[in-house]
> 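The structure follows.
Predicted model, so just to flag it, every value in this text is computed and none were measured. Sequence positions, counted from 1, serve as the residue numbers for this chain. Whatever order the structure lists ligands and atoms in, that order sets their numbers, starting from 1.
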Amino acid sequence: MPVEHRVAARGRLRARVVGVVAGRVSVPGMGQEGEGGASGRGRCVGWPALDERRGPLQASLGTLGQRLQPGMADSAQAQKLVYLVTGGCGFLGEHVVRMLLQREPRLGELRVFDRHLGPWLEELKTGPVRVTAIQGDVTEAHEVAAAVAGAHVVIHTAGLVDVFGRASPETIHEVNVQGTRNVIEACVQTGTRFLVYTSSMEVVGPNTKGHPFYRGNEDTLYEAVHRHPYPCSKALAERLVLEANGREVHGGLPLVTCALRPTGIYGEGHQIMRDFYRQGLRLGGWLFRAIPASVEHGRVYVGNVAWMHVLAARELERRAALMGGQVYFCYDGSPYKSYEDFNMEFLGPCGLQLVGARPLLPYWLLVFLAALNALLQWLLRPLVLYAPLLNPYTLAVANTTFTVSTDKAQRHFGYEPLFSWEDSRTRTILWVQAAGSSAQ
Ligand SMILES: NC(=O)c1ccc[n+]([C@@H]2O[C@H](COP(=O)([O-])OP(=O)(O)OC[C@H]3O[C@@H](n4cnc5c(N)ncnc54)[C@H](O)[C@@H]3O)[C@@H](O)[C@H]2O)c1
Ligand SMILES: C[C@@H](CO)CCC[C@@H](C)[C@H]1CC[C@H]2[C@@H]3[C@H](O)C=C4C[C@@H](O)CC[C@]4(C)[C@H]3CC[C@]12C
């Protein structure tokens, strides 16, 4: 039975802490390069400017236990560190959590903060590292502050990933932008100095004009113009994180932040891949090509994205001057292919076939169907949620070349992919097979 704690501060209920191994919540304790061209500092059409909607951080942190000096002093290199992963039960978050436990020798406590806690967290509690599961909402400033207090490093992956119209634009903004603001303010107030933010390629593009971004890097010039709430929210949140770099945190030292921008992540736990697999099974083993094979879509393996987060978090102190305020695309050895051809690398070995060397439907018909889906979504909204994969935005993303080619993470913090393309492919195939058969 999980132990449940309620952390009270200022008389208010804090985030629910579920299953703290040693029954304690806080273990308080505990340093630019001018790069950045594909900056993502683009325009969000029809969205509020950064300073609007700003709310004060209301939580006080007074009762959350003693605090050592912020920062990780040289003399304390051997000291065990407290990490917080927001969104730690999501697709990427779970991989980050497991990667930290496997590959971060200085890890002393791992706090996993999520709105929905996964049952798999239970199995992690038998290891040598204290794993603290915290059920909480990033939009609630006091819950975030309670979770951040005493952490040395925050990896902020929590986000509302919705390009299908399931959530309202306001909700997406609230979770992705206000949630990120709450995380930053919590770091400042509690003296947490190191923040790694999971951004997205969509901060850069594809833009509303469908311009190709062909094997670009962080300095590639690109007109970043967003209309959709999701990329808008990611761009605004990323800007908040980068602008927070250098802010003085409680204790007087500067906050060090960076943002990682994955392209389309794939791997174990990727729900859209599983949905395509199930759809193919329903169609008798066939999928039908809709996008020209010549359109390249950037993809990166989840294990490598997680590894990049772990390394960035580890190196932020030592390389603060270089890494602080920087953005990094996430990359590995995954091949450049169209979205559908890439998926077939996994779905093919699972028995599916992609029909057609060229798209079976003319592009104008796809545009029409995508618009029809959007109209139906709007008409049906009062009655039922209609949120198919195809809509004008997803069609534009799938149909616009967006790939990265960079070594910035290698130069700045020594990142090399942990998983080869062959490993990433095999792991993903095994997962698709298992996920598909469990659905039968
Ligand atoms: N999946 C991709 O291809 C991709 C690509 C680039 C960037 N990203 C970014 O990576 C991050 C993780 O994405 P993912 O694909 O793992 O998504 P996901 O939905 O699987 O994970 C997000 C997690 O955040 C949690 N969460 C959502 N709202 C929350 C809230 N209000 N409070 C606390 N927790 C909340 C969810 O419960 C979930 O566990 C996101 O920030 C996303 O923008 C994802
Ligand atoms: C036209 C269909 C024919 O088969 C294919 C539609 C595919 C789309 C549903 C997906 C194509 C590209 C995906 C996005 C991309 O990989 C990058 C993303 C960034 C990330 O931050 C969130 C997820 C996503 C927007 C991802 C979502 C699904 C696609 C649009």
> Between Leu418 and Met99, is there a side-chain heavy-atom distance shorter than 4.5 Å?
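Side chain of Met99 against side chain of Leu418, heavy atoms only: contact under 4.5 Å found.
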
> Please state which protein non-hydrogen atom is closest to atom 17 (C) of ligand 2 and give its distance, to 0.1 Å?
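The closest heavy atom on the protein side is Glu202 OE2, 3.7 Å.
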
> Without hydrogens or angle criteria, can the side chains of Glu218 and Thr406 be said to hold a donor-acceptor pair below 3.5 Å?
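The criterion, which ignores hydrogens and geometry beyond distance, is satisfied for Thr406 and Glu218.
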
> Given a heavy-atom cut-off of 4.0 Å, could you list the residues near ligand 1 in chain and number order?
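Close residues (ligand 1, cut-off 4.0 Å): Gly87, Cys89, Gly90, Phe91, Leu92, Asp114, Arg115, His116, Gly136, Asp137, Val138, Thr157, Ala158, Gly159, Val161, Val175, Thr198, Ser199, Ser200, Tyr230, Lys234, Pro262, Thr263, Gly264, Ile265.
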
> Taking 4.0 angstrom as the limit and counting only heavy atoms of Ala398, give me the atoms of ligand 2 inside it, by number and element.
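In order of numbering, the contacting atoms are 11 (C).
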
> Which class fits the ring pair Phe213 and Phe402: parallel under 30°, tilted 30 to 60°, perpendicular over 60°?
parallel

> Looking only at protein heavy atoms, which one is nearest to atom 28 (C) of ligand 2, and what is the separation?
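I find the closest protein heavy atom is Ile272 CD1, 3.7 Å.
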
> Is there a donor-acceptor contact under 3.5 Å from the side chain of His226 to the main chain of Val203?
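Pair found, side chain donor or acceptor close to backbone of Val203.
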
> For atom 27 (C) of ligand 2, grab the closest protein heavy atom and report residue, atom and distance to one decimal in Å.
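The protein heavy atom lying closest is Val163 CG2, 3.9 Å.
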
> Check each heavy atom of His297 against ligand 2 and say whether those closer than 4.0 Å belong to the side chain, the backbone, both or neither.
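It is the side chain that touches ligand 2; the backbone stays farther off.
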
> For atom 3 (C) of ligand 2, what is the nearest protein heavy atom, given as residue, atom name and distance?
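Nearest protein contact, heavy atoms only, for atom 3 (C) of ligand 2 is Glu340 OE2, 3.3 Å.
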
> Is the ring centre of Tyr328 less than 6.0 Å from the ring centre of Phe413?
yes

> Looking only at protein heavy atoms, which one is nearest to atom 5 (C) of ligand 2, and what is the separation?
Phe276 CZ, 4.2 Å

> Indicate whether atom 1 (C) of ligand 2 is within a distance of less than 4.0 angstrom of some protein heavy atom.
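Protein heavy atom within 4.0 Å of atom 1 (C) of ligand 2: present.
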
> Mind checking whether Phe346 and Tyr266 have ring centres under 6.0 Å apart?
yes

> For residues Trp421 and Phe342, establish whether the separation of their ring centroids is below 6.0 Å.
yes

> Note the single closest protein heavy atom to atom 20 (C) of ligand 2, along with its residue, its atom name and the distance in Å.
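Looking at atom 20 (C) of ligand 2, the protein heavy atom closest to it is Tyr230 OH, 3.5 Å.
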
> Has Ser200 got a side-chain atom pairing as donor or acceptor with Arg261's backbone, closer than 3.5 angstrom?
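No, the answer is negative, given that no donor and acceptor are paired below the 3.5 Å cut-off.
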
> Do Asn176 and Ser233 pair up side chain to side chain, a donor and an acceptor below 3.5 Å, judged on atom types alone?
yes

> What I'd like to find out is whether the side chain of Met201 reaches to under 4.5 Å of the side chain of Val404, using heavy atoms alone.
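No - every pair of side-chain heavy atoms lies 4.5 Å or more apart.
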
> For His156 and Thr180, does a side-chain donor sit closer than 3.5 Å to a side-chain acceptor?
yes

> Just to be sure I read this right, does ligand 2 sit under 4.0 Å from the backbone of Ile265, its side chain, both, or neither, counting only heavy atoms?
neither

> Look at atom 8 (C) of ligand 2 and say which protein heavy atom is nearest, naming residue and atom and giving the distance to 0.1 Å.
Thr394 CB, 4.0 Å

> Side chain, backbone, both or neither: which part of Lys234 has a heavy atom under 4.0 Å from ligand 2?
neither

> Nearest to atom 13 (C) of ligand 2, what protein heavy atom do you find, and at what distance?
Tyr339 CE1, 3.9 Å

> Looking at Asp114 and Cys89, would you say the former's side chain and the latter's main chain have a donor-acceptor pair under 3.5 Å?
yes

> Is ligand 2 under 4.0 Å from a heavy atom in the side chain of Leu390, in the backbone, in both, or in neither?
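Within the 4.0 Å criterion, Leu390 contacts ligand 2 through side-chain atoms alone.
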
